[in-house]
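The chains referred to below are lettered A, B, ... by the order of the sequence lines, with proteins before strands, and numbering in each begins at 1.
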Amino acid sequence: MNTEERLNLIKRNTEEIIGEDELRFMLESGQEINHYIGFEISGKLHIGQAVIVMQKVKDLMDAGVKVHLFLADWHSYLNDKFGGNLEIIKEIADGAFKEILKASILTLGGDPEKLTFIKASEYYATHPDFWLTFLEVSKNTSLPRIERSISIMGREEGQTKDFGSLAYPPMQAADIFAMNIQIAQGGIDQRKIHVIMRDTADKIKTNMPMFHGKRMKPVAIHTPLLPSLAKPAIWPIPEDMNKRELLNKGKMSKSDPNSAMFMMDDPEAIRKKIMKGFCMEKEIGYNPILRWFEMIVFPREKSGFKIVRPEEHGGIISFKDFKDLESKFEKGDVHPIDVKNFLADYLIEMFKPAREHFQKPAYKKMLDRMEEILGKIKAKSH
RNA sequence: CCGGGAGAAGCUAAAUGGUUAGGCAGAGGACUGUAAAUCCUCGAUUAGUAGGUUCGACUCCUACCUCCCGGACCA
């Protein structure tokens with residue numbers, strides 16, 4: 001693969017890349033590039049993470065980048081995951097959660113053995129100078145900025161937060177510096193923190209961001225968020241609102257079981273969730289189902305695909321690319337049921353490896369154990 | 001630590017001490033070749049916890065817990 005091919009692989013299906021010049025420079029140098037993406041330890045990964053985010057991890061692997069999956073156990077504690085129980089968080093991080101990440105990459109056709117995991121708590125224990133970097137980031141960022149960046153933790157604005165949660169953004173930035181990362185990956189919701197990271201990069205002295213002897217700001221790669229299939233909060237959407245923007249805002253939430261889909265969902269559950277999806281006939285402005293085609297199906301079916309329907313509903317119809325699907329949908333040549341049926345079948349087939357992986361007793365046990373813990377925490381908090 | 005306020009379903013919210021309205025979300029059904037919209041149906045053996053007063057407590061009292069707001073302490 002030449003530089004251009006590697007760059008294109010890294011860039012495809014991203015929302016944005018901050019620092020493309022640096023990225024190009026690094027690729028041209030031929031030197032090893034360190035990537036990282038942090039995961040909070042929560043329950044199962046919804047497919048926005050397992051498919052969209054992990055596909056980018058695989059792209060980076062394929063482009064010859066050294067990828068690292070950062071298990072952010074301390075961050076999860078700060079963000080009250082698993083009832084804020086750090087011991088449970090650590091256990092899940094080493095068990096079910098890591099296994100889910102491996103299964104994701106397996107499903108996407110990658111080699112789980114090539115993934116490098118780093119657990120935050122272990123990293124901090126062996127790298128005490130992390131904390132000086134943490135202070136340096138903190139010292140060079142304003143309080144309002146930290147507060148603004150904190151919405152990524154899934155909190156509403158104005159909601160009360162403890163002081164510890166303010167440590168989260170500088171920690172995340174310091175993680176990147178301390179581990180000598182050149183590419184920080186995340187969903188577009190991570191943007192504010194990554195910008196803080198890049199803005200403070202020049203001020204850092206202890207773990208100066210370097211690339212083979214040259215000072216360099218880490219690059220940020222952001223993937224789009226897979227929208228929830230639920231109907232928008234307001235419908236019909238007023239003329240002056242940007243439908244696409246709204247669609248991205250309605251991201252999937254794990255806490256809402258109906259808005260989130262998981263790779264290990266059984267076929268009936270997948271089908272049901274797709275069928276429940278909001279999908280207006282001929283509406284292409286706000287249509288999460290079509291957006292899923294754009295984000296999941298077309299990147300994998302580069303030469304297009306066809307939908308086989310009963311004769312009374314039009315018979316076989318094929319699409320060469322997303323625009324083609326959109327225009328046919330807008331004209332009413334394709335019905336919501338047609339695309340829903342196809343999408344359900346497609347996802348059921350696509351997630352088969354993950355489903356089978358977690359049917360193996362050892363892994364199933366891990367999942368069950370995690371569900372059990374989550375259930376207990378839920379019961380306790382009521 | 002002191003003072004003040006609050007705690008009712010997933011969220012929100014009314015009811016002079018008389019046996020928990022309503023709204024949103026959710027579930028089921030009808031109608032659409034999906035979903036949405038609309039229409040029907042359902043949902044707390046129960047009010048932060050534990051006691052007490054009373055014929056009767058969400059409502060009054062006491063203690064404790066949690067959260068919010070002030071103040072004190074500033075070595």
Taking the [atom1] atom of each, how far is [N] from [M], in whole Å?
{"N": "B:rG17", "M": "B:rA57", "atom1": "P", "answer": "14 Å"}
{"N": "B:rG26", "M": "B:rU16", "atom1": "C1'", "answer": "35 Å"}
{"N": "B:rG4", "M": "B:rA72", "atom1": "C1'", "answer": "14 Å"}
{"N": "B:rA44", "M": "B:rA13", "atom1": "C1'", "answer": "14 Å"}
{"N": "B:rA15", "M": "B:rA21", "atom1": "P", "answer": "14 Å"}
{"N": "B:rG3", "M": "B:rC73", "atom1": "P", "answer": "16 Å"}
{"N": "B:rA9", "M": "B:rG48", "atom1": "P", "answer": "8 Å"}
{"N": "B:rA8", "M": "B:rU59", "atom1": "P", "answer": "13 Å"}

Could you check whether A:Lys98 makes a cation-pi contact with A:Phe117, meaning its NZ or CZ is under 6.0 Å from the centre of the six-membered ring and within 45° of the ring axis?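 Checked: cation-pi criterion met.
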Between [X] and [Y], is there a side-chain N and carboxylate O pair less than 4.0 Å apart?
{"X": "A:Glu20", "Y": "A:Lys11", "result": "yes"}
{"X": "A:Glu268", "Y": "A:Arg271", "result": "no"}
{"X": "A:Asp94", "Y": "A:Lys90", "result": "no"}
{"X": "A:Lys364", "Y": "A:Glu99", "result": "no"}
{"X": "A:Lys282", "Y": "A:Glu330", "result": "no"}
{"X": "A:Glu15", "Y": "A:Arg191", "result": "no"}

Answer with base, sugar-phosphate or nothing: what part of the nucleic acid does A:Asp338 contact at a heavy-atom distance below 4.0 Å?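 Base contact.
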In dot-bracket, 5' to 3', how would RNA chain B read with Watson-Crick or G-U wobble pairs under 3.5 Å, [ ] for crossing ones and | for pairs to another strand? (((((((..(((.....[...))).(((((.......))))).....(((((..]....))))))))))))....
Kindly indicate, with the supporting measurements, whether the criterion salt bridge (Lys or Arg N to Asp or Glu O under 4.0 Å) is fulfilled by A:Lys56 and A:Asp59. CA-CA 5 Å; A:Lys56 186 46 60 190; A:Asp59 289 345; 3.0 Å; yes
Contact pattern, 5' to 3', of nucleotides 34-39 of chain B - B, S or - by protein heavy atom under 4.0 Å: BBSS--
Passing option when A:Ile10 is tested against A:Asp62, A:Val219, A:Ile221, A:Ile33 for side chain to side chain contact (heavy atoms under 4.5 Å, CB included):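 Among A:Asp62, A:Val219, A:Ile221, A:Ile33, the one that satisfies the side chain to side chain contact (heavy atoms under 4.5 Å, CB included) with A:Ile10 is A:Ile221.
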For A:Ile289 and B:rG33, give me the distance from atom CD1 to atom C1', rounded to whole Å.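 Nearest whole value for this atom pair: 15 Å.
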